[in-house]
Student: 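Before I ask anything, let me first share the structure, which is written out below as structure tokens.
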Amino acid sequence: MKPALVIGLTAAVLAGCASSGVTLEKDRAYRVEWLGARPLIDRSHLSLTLGADGRAYGNGGCNHWFAGYQLDGESLRFAQVGSTRKMCSPALMEQEQRFFELLGQIHRWDVSETGQLRLWPEQGKPMRLWPED
């Protein structure tokens, strides 16, 4: 077989694999690991679920939160976040506030080479999440 033909066939197969794409799963809980450039406080639990009804919800580390969202291809935007009003330690409250603010800045999503969900703000580093088991 000619080398040019082998290279062409290999490129076509790889392009077909690349176009299969990964979809963002609805009604699946994701656990937050990083908020931008900062990891979460030890033993804190922040989560996000995108409901099939257009509502997102989860745990902010202290309070339960909820917001509308719009998903269009790789574009993802959240409406203003609402939450319960429980008080926790100042460090957890600060982390939760950063989480809520970052949700309001998200404009797209992707999946890393390791399978980690990344939610990207207009500027800066992404929020990184793993699917919960």
Side-chain angles (χ1 to χ4, degrees):
M1 195 178 287
K2 294 185 178 184
L5 181 58
V6 171
I7 292 171
L9 288 173
T10 302
V13 167
L14 291 176
C17 292
S19 66
S20 63
V22 176
T23 61
L24 184 57
E25 293 183 57
K26 294 182 181 174
D27 292 326
R28 174 147 196 194
Y30 292 88
R31 184 177 183 137
V32 178
E33 182 181 51
W34 285 75
L35 292 174
R38 295 170 65 179
L40 296 188
I41 296 171
D42 289 344
R43 296 188 172 97
S44 61
H45 179 262
L46 283 70
S47 66
L48 175 143
T49 300
L50 299 175
D53 62 355
R55 304 268 312 153
Y57 56 91
N59 189 306
C62 181
N63 290 285
H64 294 283
W65 68 272
F66 47 90
Y69 75 91
Q70 292 182 334
L71 177 63
D72 183 20
E74 293 179 1
S75 174
L76 175 64
R77 298 207 182 259
F78 292 91
Q80 184 173 359
V81 174
S83 71
T84 57
R85 295 185 173 254
K86 184 173 131 186
M87 294 297 291
C88 293
S89 70
L92 280 177
M93 296 299 294
E94 186 272 334
Q95 177 178 264
E96 184 174 80
Q97 188 59 39
R98 282 189 296 115
F99 174 56
F100 294 161
E101 288 173 4
L102 188 55
L103 281 174
Q105 298 170 14
I106 299 301
H107 74 100
R108 70 178 178 90
W109 69 275
D110 68 13
V111 176
S112 72
E113 304 81 36
T114 61
Q116 191 172 44
L117 174 63
R118 297 183 296 191
L119 304 181
W120 291 88
E122 294 283 340
Q123 296 180 348
K125 296 192 180 264
M127 182 185 308
R128 296 184 286 174
L129 307 94
W130 289 106
E132 288 191 339
D133 294 329

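Given the structure is predicted, the values throughout are model-derived calculations rather than measurements. Reckoned from all heavy atoms, side chains included, excluding hydrogens, waters and symmetry mates.
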Student: Does Leu129 offer a backbone N or O that forms a donor-acceptor pair with the side chain of Trp34 under 3.5 Å?
Tutor: no
Student: Which value, rounded to the nearest 0.5 Å, describes the distance between Met127 atom CE and Gln116 atom CD?
Tutor: 12.0 Å
Student: Honestly curious: do Leu71 and Tyr57 fall in one hydrophobic cluster under the side-chain, below-4.5 Å linking rule?
Tutor: no
Student: If you round to the nearest 0.5 Å, how far is CG of Asn59 from CG of Leu46?
Tutor: 6.5 Å
Student: For Arg118 and Pro126, which heavy atoms make the closest approach, and how far apart are they?
Tutor: CB-CB, 4.0 Å
Student: Can you see which heavy atom on Asp53 is nearest to which on Arg55, and at what distance?
Tutor: OD1-N, 3.1 Å
Student: Roughly how far apart are His107 NE2 and Leu76 CG, rounded to 0.5 Å?
Tutor: 10.5 Å
Student: Does Thr84 reach the main-chain N or O of Asn63 with its side chain, forming a donor-acceptor pair under 3.5 Å?
Tutor: no
Student: Answer whether the closest heavy-atom distance between the side chains of Tyr69 and Lys26 falls below 4.5 Å.
Tutor: yes
Student: To the nearest 0.5 Å, what is the distance between CD on Glu94 and OG on Ser89?
Tutor: 10.0 Å
Student: Taking atom CD of Glu74 as the centre, report whether more than 12 heavy atoms of other residues, nucleotides or ligands fall under 6.0 Å from it.
Tutor: no
Student: What's the spacing between His64 NE2 and Lys86 NZ if we round to 0.5 Å?
Tutor: 7.0 Å
Student: To the nearest 0.5 Å, how far apart are CZ in Arg128 and CH2 in Trp120?
Tutor: 9.0 Å
Student: Say whether Leu35 and Met93 are linked into one hydrophobic cluster, either directly or through other cluster members, by side-chain heavy-atom distances under 4.5 angstrom.
Tutor: no
Student: Count the heavy atoms of every other residue, nucleotide or ligand shown that sit under 6.0 Å from CG of Asp27, and state whether that count exceeds 12.
Tutor: yes
Student: Are the side chains of Glu25 and Pro131 in touch, meaning some heavy atoms are under 4.5 Å apart?
Tutor: no
Student: A side-chain contact here means heavy atoms from C-beta on lying under 4.5 Å apart; do Trp65 and Glu96 qualify?
Tutor: no
Student: Given the rule in the side chain to side chain donor-acceptor pair (under 3.5 Å) test, do Ser47 and Glu132 qualify, once you have shown the distances and angles that lead to the verdict?
Tutor: CA-CA 9 Å; Ser47 66; Glu132 288 191 339; 5.2 Å; no
Student: If you group Ile, Leu, Val, Met, Phe, Trp and Tyr by side-chain heavy-atom gaps below 4.5 Å, do Leu40 and Leu119 land in one group?
Tutor: yes
Student: Minimum heavy-atom separation for Ala37 to Lys125, with atom names?
Tutor: CB-CD, 3.9 Å
Student: Using atom types as modelled and distance alone, determine if a side-chain donor or acceptor of His45 lies under 3.5 Å from a backbone N or O of Gly61.
Tutor: no
Student: Does some side-chain heavy atom of Thr114 sit less than 4.5 Å from a side-chain heavy atom of Trp130?
Tutor: yes
Student: Under 4.0 Å between a side-chain nitrogen and a carboxylate oxygen: does that hold for Arg77 and Glu122?
Tutor: yes
Student: Contact between Leu48 and Phe78 at the side-chain level, heavy atoms closer than 4.5 Å - yes or no?
Tutor: yes
Student: What about Phe66 and Phe99, same hydrophobic cluster or not, with Ile/Leu/Val/Met/Phe/Trp/Tyr joined at side-chain heavy-atom distances under 4.5 Å?
Tutor: no
